[in-house]
Peer 1: 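For reference, the structure I am asking about is given below.
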Amino acid sequence: MEELSDSELVDLFCQGQEKAFNLLVERYKERIYYLALRMVRNHQDALDLSQEAFLKAYKNLRSFKRKSTFYTWLYRIACNTCLNFIKREKFRSFLSFGDLRKPFSRPQDSPDFSYERDQLSQAIDKAISKLPPKQRVAFVLHHYEGLTHQEIAELLGKSEGTIKANYFQAIKKLQKILKDYA
Amino acid sequence: MRKKKRQEKIVDFLEGRIHLEGEELKEEQESFAALKKILKREEDFHPPTDFWDSYLPNLRRRMEKGGNFGFVPALAGALSLLIIGFLLFHYQIFSPNLPSISGKYNGKGTLYGISSLTELEEFSTSLTQAYGLNDLLRKATDLMVGNLNWEGLGEEEKEGLFRALASQLSEEADIAADLLYGNLQIDELSSELTSKELKELENQLKGT
């Protein structure tokens, strides 16, 4: 079964072989986890979000219309799941006036996975967390995920120009915030 | 539009797709190179190797949990909505004259009845009073129009705060934020407003 293509695994799943979905998870879990990690800059949240994306895919796979590849479809679900999370978190941090100086609430990593990050990594985390959702997505998908502006535009249903403008504003802000590390 | 086009062009230039000349662009290029250098120095995080062993079992547990309890919360949610709806209706907490959030936006970029920050402010105030929202909307609007100045709050934080609220409350406020912070140019809106009115709106938004 492991040698089957994504499309064949989706077929098997739709025919009732649920194990086919496990193989799809095995195939893409790392890529989806790292996408989420780049977006939310927090291990525990990235873990939850990547699993949430797979859960959504699992629930909706039978209605997957196959206008794109399975991975593109899954990737879009993961991006939107992360985007919604970022928006929710921004709103939550707004509600908590005590956290006004921290524009993005950052729950503690689980002790099992706590890791020492150097000062620069933490500064980059903080800087990226300060970007508004649209700018953050445009930046992360282009810089870390290597997607072209055109691909991001198609993924998010925006114009390429808008994505480039969002990316431009993101790099301007990051330059300003991280200038001390140059 | 000119600003957005310029930003697009600079991105193309920075990424080597087009060639442009100018001292200002040289500085852009240097800052961009410096940023890339900083980001390259970032340490990559890798979860412990045994992390992936528990990934699928955990996911399976979540799938099963979702399957077993799907109907109960749906039923509980529907009943709660019915009860809340009845209470609101019975005690006349809502009335037909209250402002509508969705009614202000047609989903195609057209803003109905809101053409300036003053109107946005009035709309926010009426929403705050009508729906008994807490002070958040009021404060965000005050912050946006400059009535409130939280000491030590940077521009980016203000933008983040306003956006967080705008995205929760209304599409038009989100569009206003996009316009205000240059993510969207006024002529991208397929608006029913005349170009003169649009220009005025843009000037008002930029003037705050």
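Since we're looking at a predicted model, the values are computed, not measured. Labels below follow one simple rule: chain letters A, B, ... track the order of the sequence lines, proteins then strands, and each chain is numbered from 1.
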Peer 1: Salt bridge (Lys or Arg N to Asp or Glu O under 4.0 Å) between Arg66(A) and Asp11(A): does it pass, once the steps are laid out?
Peer 2: CA-CA 11 Å; Arg66(A) 301 182 196 227; Asp11(A) 285 341; 2.8 Å; yes

Peer 1: Can you confirm whether Ile163(A) sits close enough to Lys134(A) that some side-chain heavy atom of one is under 4.5 Å from a side-chain heavy atom of the other?
Peer 2: no

Peer 1: So which heavy atom on Gln135(A) is nearest to which on Asn166(A), and how close?
Peer 2: CG-O, 3.6 Å

Peer 1: Identify which part of Asp180(A) has an atom lying under 4.5 Å from any heavy atom of chain B, answering side chain, backbone, both or neither.
Peer 2: neither

Peer 1: Could you pull out all residues at least two apart from Lys26(B) that satisfy side-chain hydrogen bond (donor to acceptor under 3.5 Å, both in side chains)?
Peer 2: none

Peer 1: Less than 4.5 Å to any heavy atom of chain A: does that hold for the side chain of Asn58(B), its backbone, both, or neither?
Peer 2: both

Peer 1: What pairs meet the side-chain hydrogen bond (donor to acceptor under 3.5 Å, both in side chains) rule with one or both residues in residues 28-40 of chain B, with sequence neighbours excluded?
Peer 2: Lys172(A)-Glu28(B)

Peer 1: Is the closest basic N to carboxylate O distance between Glu154(A) and Lys67(A) below 4.0 Å?
Peer 2: no

Peer 1: What part of Tyr58(A) lies closer than 4.5 angstrom to a heavy atom of chain B: side chain, backbone, both or neither?
Peer 2: side chain

Peer 1: Could you tell me which portion of Leu178(A) (side chain, backbone, both or neither) has an atom closer than 4.5 angstrom to a non-hydrogen atom of chain B?
Peer 2: both

Peer 1: Under 4.5 Å heavy-atom distance to chain A, tell me which part of Leu39(B) shows up: side chain, backbone, both or neither.
Peer 2: both

Peer 1: Given a strict heavy-atom distance threshold of 4.5 Å, which part of Leu56(B) is in contact with chain A: side chain, backbone, both, or neither?
Peer 2: side chain

Peer 1: Could you tell me which portion of Leu35(B) (side chain, backbone, both or neither) has an atom closer than 4.5 angstrom to a non-hydrogen atom of chain A?
Peer 2: side chain

Peer 1: Could you tell me which portion of Leu174(A) (side chain, backbone, both or neither) has an atom closer than 4.5 angstrom to a non-hydrogen atom of chain B?
Peer 2: both

Peer 1: Using salt bridge (Lys or Arg N to Asp or Glu O under 4.0 Å), reason through Arg41(A) and Glu42(B) one step at a time and then give a plain yes or no.
Peer 2: CA-CA 12 Å; Arg41(A) 319 293 296 185; Glu42(B) 181 188 17; 2.4 Å; yes

Peer 1: Could you pull out the closest heavy-atom pair between Leu147(A) and His142(A), with the gap in Å?
Peer 2: O-ND1, 2.8 Å

Peer 1: Relative to the ring of Phe139(A), is the ring of His143(A) parallel (under 30°), tilted (30 to 60°) or perpendicular (over 60°)?
Peer 2: parallel

Peer 1: Listed by residue number, which members of residues 19-34 of chain A have a heavy atom under 4.5 Å from any heavy atom of chain B?
Peer 2: Phe21(A), Asn22(A), Val25(A), Glu26(A), Lys29(A), Glu30(A), Tyr33(A), Tyr34(A)

Peer 1: Applying side-chain hydrogen bond (donor to acceptor under 3.5 Å, both in side chains), name anything that partners Thr69(A), two or more places apart in sequence or on another chain.
Peer 2: Thr72(A)

